[in-house]
Amino acid sequence: SDNRLLEIRIMSYGDRQLLLIARDITRLNQLESMRKDFVANVSHELKTPLTVLQGYLEIMQTMEGEDSINQKPLALMQQQTTRMQSMVEQLLALSRIEDAENVDLSQVINMPLMLDILKEEAMALALDDYYVEFECDPQLNVHGVELQLRSACSNLISNAIRYTSPGGKISVSWQRVPTGAKFSVTDTGVGIASQHINRLTERFYRVDNARSSKTGGTGLGLAIVKHALSNHHSELMVSSTLGQGSTFSFVIPTHLIEK
Ligand code: ADP
């Protein structure tokens, strides 16, 4: 009656017994969608003042002479407003609700396109000397949200680039495995100490090293990845050796693979 939402789990015990558990999640679902609306509205409202601030900062920078003592603080203010803008964009991405469709995984990381975007980012950080290798098994399609899968993959590749020294190597692949479709990114970068690994997907969590502060990230990337993956019944796996490199991977389970 009156559109209640039930979550039903069926578990089997031995050969003959089934256990059925039903839970009323109507209220939980309402709260979750209120929370998402709230985050979406707040992030949206924050965009306008940030754009105004940035516009005026640009004008002030041109008005000041090149060797004015105000150039440095103005540049810093601009850097920080840009950072805030990218946090707001990412928070908006976290709160968006999107419909699932048939997604061609080779298109999710359309490499020329993705590399162009990532290259810009890498160049801004003067990290243009890296090598990316890419492989994708043919005809691998899943039932999913393309934008979310794309943002999960690009966040992981972008991290691999940002946390790898120039001359490093990054391998990206989508492979068919017995449990589903596996995405993985391996880098030869700075690596992560084991005590940090469990906390990486927390919002705003950043491993406190000189590299993180230099790379100008927001600490939201892996939270977005986690959110996107949970919508696809998948989890992020991390294996890393400090000073040698990391592998980030996830498997989209078989039941979401389209024939
Ligand atoms: P950020 O914007 O700080 O990169 P993320 O959520 O994407 O935020 O990542 C959280 C932290 O995890 C980073 O600050 C960094 O310390 C660590 N990290 C993520 N990816 C890598 C990687 N490929 N190699 C080493 N450290 C990484």
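Just so we're clear, the structure is a prediction, and the values are computed from it rather than from any experiment. We count ligands from 1, going down the list as the structure has it; atoms in each ligand are counted the same way.
- Of all atoms in ligand 1, numbered sequentially from 1 with element shown, those under 4.0 Å from a heavy atom of V190 are 25 (C).
- At a 4.0 Å cut-off, not a single heavy atom of G189 sits close enough to ligand 1 to count as contact.
- For Y13, the OH atom sits in a loose shell: 12 or fewer heavy atoms of surrounding residues, nucleotides or ligands are nearer than 6.0 Å.
- For CD1 of I69, the number of neighbouring non-hydrogen atoms (other residues, nucleotides, ligands) closer than 6.0 Å is 12 at most.
- Atom CD of E235 sits in a sparse spot, with 12 or fewer heavy atoms from other residues, nucleotides or ligands closer than 6.0 Å.
- Within ligand 1, the atoms closer than 4.0 Å to a non-hydrogen atom of Y205 are 10 (C), 11 (C), numbered from 1 in the order shown.
- Using modelled atom types and a 3.5 Å distance limit, the side chains of S240 and S246 yield a donor-acceptor pair.
- Comparing Y163, F248, F204 against atom 14 (O) of ligand 1, the shortest heavy-atom distance belongs to Y163.
- The distance from ligand 1 to the heavy atoms of R162 drops below 4.0 Å at these ligand atoms: 1 (P), 2 (O), 4 (O).
- Considering only heavy atoms from C-beta on, F248 stays 4.5 Å or farther from N155 through its side chain.
- Within a 6.0 Å radius of CE in M11, more than 12 heavy atoms belonging to other residues, nucleotides or ligands are found.
- Residue contacts with ligand 1 for V225 are absent, since no atom lies close enough (heavy atoms, distance under 4.0 Å).
- At least one N or O atom of L222 sits closer than 3.5 Å to an N or O atom of ligand 1.
- Residue contacts with ligand 1 leave out H196, since none of its heavy atoms falls under 4.0 Å from the ligand.
- Between F183 and W174, the ring planes are tilted. Angles from 30° to 60° get that label.
- In Q139, the CD atom is not crowded: 12 or fewer heavy atoms of neighbouring residues, nucleotides or ligands sit closer than 6.0 Å.
- With a 4.5 Å cut-off on side-chain heavy atoms, K226 and L236 do not count as touching.
- Where the criterion is an N or O separation shorter than 3.5 Å, residue side chain and backbone included, I192 fails it with respect to ligand 1.
- The shell of residues lying under 4.0 angstrom from ligand 1, judged by heavy atoms, excludes N155.
- Each of the atoms 5 (P), 6 (O), 7 (O) of ligand 1 lies under 4.0 Å from some heavy atom of G221.
- Listed by atom number, the atoms of ligand 1 under 4.0 Å from V207 heavy atoms are 14 (O), 16 (O).
- Near L200, meaning under 4.0 Å from any of its heavy atoms, are these atoms of ligand 1: 12 (O).
- Here is the list of ligand 1 atoms found below 4.0 Å of a heavy atom in G219: 1 (P), 2 (O), 3 (O), 6 (O), 8 (O).
- At under 3.5 Å, a nitrogen or oxygen of N159, whether backbone or side chain, sits near a nitrogen or oxygen of ligand 1.
- Within 6.0 Å of CG on L19 lie more than 12 heavy atoms contributed by other residues, nucleotides or ligands.
- With ligand atoms numbered from 1 in the order given, ligand 1 contributes 24 (N) to contacts under 4.0 Å with heavy atoms of S246.
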